[in-house]
Amino acid sequence: MGRPTGARNSEYENRRSELLARLLPAIVASGGQISLHEMARATGTSIPTIKHYFGDRSQAVAEALRTVQRDAAVHIRAIADPKGQKLAASLLQLARDLA
């Protein structure tokens, strides 16, 4: 029995995350000026696969930016609340985390 219409594969989100991890460096390297063809090449997939997981080119770029924003939020919160560390120690810890 197949999946109902509109239902996603159980591995959909994992696969999307994997593709995004490969796509993000290519988007950054291109300065956001990346084609669907280049996205497919960067992820080792096809244009229909990119469209399946992200929609169009602008949606893929937007999702990459949301991921960067979400990941950066952890570091921004750490800067805002250094938990009693002095400035030098706080910045050193931040640098380590970012590296």
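These numbers come from a predicted model, not from an experiment.
Interatomic distance, Arg15 CZ to Thr45 OG1, rounded to the nearest 0.5 Å: 6.5 Å. One finds the CD atom of Glu18 at 8.0 Å from the CD atom of Glu11 (value rounded to the nearest 0.5 Å). The distance from the CG atom of Leu20 to the OG1 atom of Thr67 is 4.0 Å, given to the nearest 0.5 Å. In this structure, CD1 in Ile76 is found 8.0 Å from CD in Gln69, a value given to the nearest 0.5 Å. Interatomic distance, Met39 CE to Phe54 CZ, rounded to the nearest 0.5 Å: 8.5 Å. Rounding to the nearest 0.5 Å places CG of Asn9 at 9.5 Å from CG of Asn14.
Remark: the backbone N or O of Glu13 is paired with a side-chain donor or acceptor of Ser17 at under 3.5 angstrom. Within the 3.5 Å criterion, the main-chain N or O of Ser35 finds a donor-acceptor partner in the side chain of Glu38.
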Let me see the working for Val61 and Arg57 under side-chain contact (heavy atoms from CB on, under 4.5 Å), right down to the final yes or no. CA-CA 6 Å; Val61 172; Arg57 188 197 74 78; 3.7 Å; yes
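Linking ILVMFWY side-chain heavy atoms closer than 4.5 Å, directly or via other members, places Val68 and Ile27 in two distinct hydrophobic clusters.
The side-chain heavy atoms of Leu36 and Lys51, taken from C-beta on, include a pair separated by under 4.5 Å. Tyr53 has its side chain out of reach of Glu63: every pair of non-hydrogen atoms, C-beta onward, lies at least 4.5 Å apart. Between Thr49 and Leu19, the closest side-chain pair of non-hydrogen atoms falls below 4.5 Å.
Taking all atoms of both residues into account, the shortest heavy-atom contact from Ala40 to Ser46 is CB-C, 3.5 Å.
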